[in-house]
Structure formats: C-alpha cells, structure tokens
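Below, chains carry the letters A, B, ... as their sequence lines are ordered, and counting in each starts from 1.
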Amino acid sequence: MSGRLAVLGAGAVGRSVVELAEEYDYTVTAVADSQSAAIDAKGLDPEAIFTRKDADGTVGDENPEAALDASYDVLVEATPTTLGDAEPGFAHVKAGLEHDRHVVLANKGPVAERYGDLMELVTASDGDIRFEATVGGAIPALSTIEDFGPGHITAARGVLNGTANFILTRMAAEGLDYEHVLAEAQDMGVAEADPTFDVEGTDAALKCVILANVLSQGEQEFALDDATVDGITNVPGAALDLAADDGRTVRLIGEASRDGIRVGPRLIPENSALAVSGTRNIVQLDTTHAGRLNISGRGAGGPETATAVLSDVGRLL
Amino acid sequence: MSSPDSTEAQTHTVRLELVDEPGELLRALQPISDNGGNLMSIYHERGNLTPRGHIPVEVDFSCTPHRFETIVEALRDAGVNVMQAGTERYDEELTVLLVGHLVDTDLSDTLKRIEGCANASLNDLSLSGREGTDEQSSALLRLATRAGTTEDTLGALRKIAAEKDLHVIEPLTEVVQ
C-alpha cells in the first residue's frame, strides 16, 4: 500500500526510514532534523538529502516545524528520546494527531513518560499511533502482545539494552573489568561517549515502562519514576567469574507487569533463553494459555529499528 | 501449601541434643534409618552448646509424613532429646552474588546475620577478590531456603546489604512453566 511519510529526526533511525521507504512503496514528503526541514509533496530524494546533511548539517531550507504542516499520511517521530515532559517529541505527536494523521514513534519519551496524555490525544483524533520501534528494535514485541491480547499476557521480561548486554558478555568471556570493556565498546561504536542512559539501566527501564503501559491497557499508567532501576556499573569481573563457575551468568534484565517495573543485573542460568550474547536483545512473554514465548533479535540499529517503524506504518494504512 | 500426599516423601528437619560422648551421634541416627528415614545432612554444631551444656545437632532426612511421627517417637524412646521437629523443607535453593567491601564489613558477621534473620541456611560460599587495598570483592552464596520464603529471604538480604553498603545481584526467579 502506498502512503506519504513525514519523518522527524535524521539520526540513525530517521535516516534509515527515509532510505528504506521506497522499498516499502512509501513516499517521503518531509524530513526534518533539529535545524531544518526538506519538503516536497511529490517525494524527496534520500540521497540528495543526506549528502547535504553530511556536508553542512542541514537536510533542507525550511524550518523544522514546517514539516508538521506538510502533506503526509503518517508522521514518523524519530527524534532523540527525552525524559519528563518528553518534548519536543510529544508536541510533534500532538500536532500529527490534531491534523487527524497517524503517528509512528521510535522515540520512547512520549510513550514512557506521558502515556495517558498520549492516549487522550488519540481518543480525540481520527489518527492512531503505534510504537513498535520503541521496544526491542526489530523484535515484534508490542505487536505480539497485541495479537495475543494484553489480557492474555501476564508478564514481560527481557534483555532490552544491547550496549549493557555487550559489556556484560565481553566481561564474562574475556575476564575483563567494566571500565576496560566500556572503553572497547566506545571504540567500536557499541557504546556512546556518554553511556549513562544504557549502563545505568534507564533505556531498558523506559522500554519496560512502555511494556507495562501496554499490558495495563489504560487501567494504570506508569512512568520512569515508577520503575526500580539498577545499572551494571557495580558488577565487577570477579562476580561474573564466580557466576560462570556455578553455571550462571549476569544479565541486565528488565521486568514489566501490571504490578510494576524493575530493571537490574540478575543472576540467570548460563543456558537460560535470556542469556543472549553481545548486542542481541530478547523479549520473553508469559501467556495465560500458551506458556512462555521468547522472541530475540537485533534490538537497536538504524535499519533494524526502521524495519519496526515501517511495519507500523503498514499496519496503520 | 495444600496438604501433602501422605505417600510422598518430604524433607524434615529435627534438632537433637547430644551428650558429648563417643558413639552418641551414631546412636541418635540409628532410629531414623531403622524407621525408613533417608538421611540427607547432619549439621553437628561443635563449639555451640545447648543451655544444658550438650551439643546441638541438626539432622535433615526425607520420609513420608506418616513415618516422620514414628521416627520422632523412636528417637525419644531411645533417650535422644528432640529439641525441635518440623516438616520445614529446605527445598528451594537461592543463589545470589554479593559485591563490595565484603572483608572490611565483616563477612562472617554478614553470613551469620543472613542465616539468623532469614529462613535460610548457607550451603556454599565462593569468594573472589583481586589483590590490592581498594578493590571490592565478590561472593557467590548458595542458600537453602524453606519453600515459599524466597522473597522474605531476599528482603532480609537486601536490608543487611544496604546497611553494609554491599551490592546484591539477585537471581531472576523464573517461574517454571
């Protein structure tokens, strides 16, 4: 099915959405980064836009806000995740819904921090929202919950941060300490220069908050403040050695249910489905009638996350 | 817990009081095996004395609930003082990692308190630390806990760890499906 997309955010995810749109038969009519926007109702050329972005840092000559008024069927919100009021992402979603357009989010902020506000906007709009890309990258976690029906899922848990998982995996495999592996991960581009969001558990917690909100079906609203969060910076290499001697390992596990959210390093059996390696993610769902479901795959990355975004677009059109 | 099937073997713990004389322990164990109890562990608390100056011994064995009563009776008939007899089951194992200045914060006190205020007994401990003054050390603790008390034990553990500024890496207690 064809459709017109306006893409806000020109980072790894936004960029991949723009580049892959054509393959999915969509036309990109607007692209915005924090400084600028490119708009063309007939469709934009991804190569030209990103050549310009790489050269002078802008995607076009328009103001970024202009993208919100372009003609599109689905607005893709892929700006960086912010906490608290979740701005400017929340305002973007609001504008799209007030235009009675559909919105697909890759930005976790609005869904994790202002779920109730978001749902009110959806109720008042002819448009709908989807946000598969916010949890587990390419892993179809939320659409699986939707297929089963949230009422048939009792709990969700998993490894939801590739950076933290990469660090723990390397520490265990090489007998190295946290600082050493973090530096290595930063060199490889697996960890950001400021890794706080990933290694302190915030990113995984936001994903669990989103899962808890979906599982609660509006009966209860969760935000980051409701989560108990612990990161991996206190896990020494020696602890991983001890765990390995006992057939166990440590993973940063996020848990979400209608009762709450908890993220922290946990001991699990080495042969557990949750003991994924490297940057891989896994989502585990406990179902009421069908036992346990494990879905693993790539939890981050431009094309991976864009795949989830484009699948959402397909579900909305 | 629902009432157990009377034919199903369960783990039982008895606390006995023995006079410190050769052959006493063997004499106390005889009625257990003679009456169909399957001995699992014996904890001979050397160094500890009961108020009457005797030695406390904790014995775990499995048998059916029906035989348990017979065994306790046989022990008493044999003149062994049974201080405590229960069907408490140490049948859940809980493994945790403790990280921090374990030695500086008196590890043996930490362990004693874990055993004291939690429904747990320490099965095994592995300690690892790197040489040096400021390094933290890590310990893997394997605790036997009574059925259904895992959450209480973890709660007690968190409290003790918080007081001593230690970090607990808890197990993910996955419900088996």
Side-chain angles (χ1 to χ4, degrees), chain A residues 154-159 168 171-172 175-180 228 230-255 257 259 262-275 282 284-294, chain B residues 92-105 107 110-111 114 118 120 122-145 150-151 153-155 157-177:
Chain A
T154 52
R157 69 185 70 77
V159 171
L168 288 174
M171 283 173 71
L176 298 169
D177 264 315
Y178 171 78
E179 301 296 342
H180 187 123
T228 307
D230 191 10
I232 61 163
T233 55
N234 285 325
V235 181
L240 291 166
D241 294 346
L242 286 173
D245 289 345
D246 197 42
R248 290 163 210 271
T249 189
V250 176
R251 289 289 183 271
L252 184 68
I253 303 285
E255 297 173 277
S257 73
D259 300 325
R262 176 178 175 188
V263 173
R266 306 289 281 275
L267 266 171
I268 56 172
E270 230 161 22
N271 60 5
S272 160
L274 292 171
I282 181 164
Q284 187 171 74
L285 302 173
D286 288 346
T287 70
T288 48
H289 306 300
R292 183 168 283 167
L293 213 57
N294 292 304
Chain B
E92 286 180 10
E93 193 174 65
L94 181 66
T95 305
V96 295
L97 277 167
L98 271 183
V99 176
H101 294 284
L102 299 174
V103 179
D104 294 348
T105 57
L107 182 59
T110 306
L111 299 177
I114 291 169
L122 185 67
N123 276 353
D124 192 32
L125 170 86
S126 322
L127 188 65
S128 169
R130 309 251 162 111
E131 294 299 316
T133 46
D134 210 34
E135 283 292 330
Q136 302 199 339
S137 44
S138 305
L140 185 103
L141 276 63
R142 291 223 298 238
L143 301 165
T145 64
T150 303
E151 228 4 86
T153 306
L154 280 173
L157 204 58
R158 282 180 206 132
K159 209 171 141 242
I160 296 165
E163 276 175 39
K164 298 196 171 203
D165 204 19
L166 302 174
H167 192 65
V168 189
I169 300 175
E170 296 178 18
L172 182 70
T173 42
E174 292 174 88
V175 181
V176 180
Q177 289 198 335

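- Heavy atoms only, all atoms of each residue included: A:Leu242 and B:Ser138 are closest at CD1-O, 3.3 Å.
- Annotation: side chain of B:Val99 is not in contact with side chain of A:Asn234 (no heavy-atom distance under 4.5 Å).
- Atom CG of A:Leu240 and atom CD1 of B:Ile169 lie 7.0 Å apart (nearest 0.5 Å).
- Annotation for A:Asp230 and B:His167: closest pair OD2-CE1, 3.0 Å, computed over non-hydrogen atoms.
- Interatomic distance, CG of B:Leu172 versus CZ of A:Arg251, reported as 12.5 Å (0.5 Å rounding).
- To the nearest 0.5 Å, atom CG of residue B:Asp124 and atom CG of residue A:Asp246 are 7.5 Å apart.
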